[in-house]
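Since the structure comes first, as structure tokens, the remarks are kept for the end.
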Amino acid sequence: TACNTMRIRRSALALAAFAAFAACAPATADTTCPSGTRDNNPPQPFSGLAASSEPPTVVPSSGISADVISTLNEGHQVTINFTGGASPTYAFVVELGGDDAAYASMETSFQSMAGSEATGTSHFNQEVGNWKVATDGFQYKGRGAFECACSQTKETAAALYYSFGSGDDDRRIGASAIHEMAHAVQMMKGDQPPVWLLEGGATHLDCLLNKKLSSSSTSYSRMMTSEGGMFSNGIIEGFLAYYASPHGQSTGLKGGETWCDSETPCGTADTVATINAGATLIDGMQVNAQLLFYHVGAIATAWAIHNANKTSATLWQSSTEGFWNAITPWDGYGGNGWTSDCPEDKGWKKAFTSFSGHDDMDAFYSAFHAWATTATESDVLAILESDEDVEAMYSDVFDPQYAMSGTAHDPCGAEFESSAAAGIARFRTLGTVLAAAATLTM
């Protein structure tokens, strides 16, 4: 989830980094955390972040210009104005290949983020070791801070990581900031949504909001047709390329619930090798899995909005008819659970099918697959919100007091979706269970 959420350049090194960074949030050693041993992106379904209008704390290395920082701040704020923000969030911006002195001033921010001098310094040293030898840029939501709470792992601070090159103009930097800030907001909502919904949702959002950047005049529809995305010329082109592949025709979206680098499936998600098998190379690289997560995920997001007769604003903002603010985390993943393990009437699955209007996720996947396997560019354009509606939608600033904070679903205190018998919502309180039960509403 959190560490699979990244924006990377289209290069062989960057594609390799995609898998490497997927393991950047190892399970903590505290014995009160889940006992699972999985290192590759273990479940972290709870969040201690709060909905906020505050932008991330930008922490630059030496060599980062004021213009880059300003452009990042603008992109972050564009997302916050539409979805609300998540606090605390840190944005680390680095120039690669520096010496110790280039990064020294950043150490105290890692300590503050971790809430511990020793833990922060250890994390800082790990990152600096990577930055010194890296040669290709990156943008991703990675390891922040975590704590153990009532047998659950909880994110207590979000971290965004950026390194840009000479080819990255202001619009590219701003779009990356929109995308990564979206991931911080997504993770604040909790549970373990599928990667196609995390990456596709953030990709769809940076297409939706791109024109809000001072460096851009590109409409939502143009982003979808020719300028959005990372692995082809436009979101729709990548969508069509994926559905021309064997995996697109046979399995489709359901196979993209988890970034799965193992030799065996991760829950019901297919391995990257399975997704890529037989697919046509793009610019000499095999990126079919990335097309599934980013491009197809973005179109699936738009299709769900259209099929439900709702809007992107509803998806992100409403706690009653939307998705992201309607998630109540499920506590049953443990340390080794997969996205697909979530019961249909719990967590992300319950929130998503309530939004989409389908009986269960299989019904959604089946309906989308039937449409997607034969869809043309015209078919995709027909389901998109109009540019006029989009611009009207983001003209107002969303008030984060109406957003769901991660703190609302503390595993030690507030309501969350439990794995207990009969699927009844359970409370863990610092007072009495009876007192909590008296206030329970279904």
Side-chain angles (χ1 to χ4, degrees), residues 1-6 18-19 21-27 34 36-47 141 152-155 182-183 185-203 247 251-262 264-272 274-275 289-290 292-294 296-298 300-301 304 323-324 326-356 358 360-366 368-369 406 409 411 416-419 423:
T1 54
C3 284
N4 280 334
T5 50
M6 64 190 72
F18 190 104
F21 282 119
C24 68
T37 57
R38 194 173 101 219
D39 288 329
N40 185 5
N41 225 4
Q44 292 147 6
F46 290 90
S47 170
K141 180 185 181 296
Q152 298 290 339
T153 304
K154 183 173 70 172
E155 184 179 41
H183 286 323
V185 175
Q186 289 169 334
M187 294 297 102
M188 178 182 69
K189 306 306 179 182
D191 209 76
Q192 190 168 250
V195 173
W196 69 259
L197 186 52
L198 293 169
E199 289 298 357
T203 298
H247 190 269
T251 305
L253 192 65
K254 185 174 181 178
E257 288 192 339
T258 300
W259 176 267
C260 185
D261 268 330
S262 68
T264 57
C266 302
T268 61
D270 290 327
T271 65
V272 170
T274 297
I275 297 170
Q290 284 85 348
L292 171 56
F293 295 128
Y294 290 80
V296 176
T301 299
F323 170 67
W324 291 108
I327 297 173
T328 300
W330 180 57
D331 75 331
Y333 294 106
N336 286 318
W338 300 107
T339 292
S340 58
D341 293 340
C342 183
E344 292 292 340
D345 61 344
K346 306 292 180 198
W348 73 268
K349 288 185 178 180
K350 178 181 178 181
F352 189 81
T353 53
S354 294
F355 174 82
S356 72
H358 292 87
D360 53 33
M361 284 305 300
D362 279 344
F364 169 80
Y365 285 134
S366 178
F368 179 72
H369 190 72
H409 301 302
F416 60 92
E417 294 289 1
S418 170
S419 59

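Keep in mind that this is a model prediction, so the values were computed, not measured.
- For the pair Glu155 (side chain) and Gln44 (backbone), a donor-acceptor distance under 3.5 Å is absent.
- Between the side chain of Ser47 and the backbone N or O of Gly190 there is no donor-acceptor pair closer than 3.5 Å.
- Just one of Trp196, Phe293, Tyr294 meets the ring pair (Phe, Tyr, Trp, His ring centres under 6.0 Å) condition when paired with Trp259; it is Phe293.
- Taking 4.5 Å as the limit, some side-chain heavy atom of Phe352 sits within range of a side-chain heavy atom of Leu197.
- Phe46 and Pro411 make their closest contact through CD2-CD, 3.5 Å (heavy atoms, listed as atom of the first residue, atom of the second, distance).
- Two residues are said to be in side-chain contact when any heavy atoms from C-beta on lie closer than 4.5 Å; Gln192 and Cys342 fail this criterion.
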Quiz item: When you look at His247 and Thr274, which way does the side-chain contact (heavy atoms from CB on, under 4.5 Å) test go after all the steps?
Solution: CA-CA 7 Å; His247 190 269; Thr274 297; 4.2 Å; yes

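- Note that CE of Met188 is 10.0 Å distant from NE2 of His409, once rounded to the nearest 0.5 Å.
- The minimum heavy-atom distance between Met187 and Leu198, with the atom names listed, is CE-CD2, 3.2 Å.
- Closest approach of Gly267 to Ser340, counting heavy atoms only: CA-OG, 3.4 Å.
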Practice problem: Determine, step by step, whether Ser354 and Phe323 satisfy the side-chain contact (heavy atoms from CB on, under 4.5 Å) criterion, reporting the C-alpha distance in whole Å, the side-chain angles of both residues, the deciding distance to 0.1 Å, and the verdict. | Solution: CA-CA 8 Å; Ser354 294; Phe323 170 67; over 6 Å; no

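- In this structure, Phe364 and Phe368 have parallel ring planes: the angle between them is below the 30° cut-off, well short of the 60° mark.
- Looking at heavy atoms from C-beta onward, Leu253 lies out of side-chain contact with His369 at the 4.5 angstrom threshold.
- A 4.5 Å side-chain heavy-atom check between Pro193 and Trp324 finds at least one atom pair inside the cut-off.
- Panel note: side chain Asp191, backbone Trp330; a donor-acceptor pair is recorded below 3.5 Å.
- In terms of heavy-atom proximity, Gly335 sits nearest to Pro34 at N-CB, 3.4 Å.
- In summary, Lys254 and Asp362 engage in a salt bridge, as defined by a charged side-chain N under 4.0 Å from a carboxylate O.
- A donor-acceptor pair under 3.5 Å is formed between the side chain of Glu344 and the backbone N or O of Met361.
- Asp341 contributes atom CG, which lies 11.0 Å from atom SG of Cys266 (distance to the nearest 0.5 angstrom).
- Glu257 and Trp348 get closest at one heavy-atom pair: OE2-CH2, 3.7 Å.
- Of all heavy-atom pairs spanning Asp261 and Val272, the tightest one is OD1-CG2, 3.8 Å.
- Looking only at distances, a side-chain donor or acceptor of Ser262 sits under 3.5 Å from a matching main-chain atom of Thr264.
- Note that NZ of Lys350 is 7.0 Å distant from CG of Asp345, once rounded to the nearest 0.5 Å.
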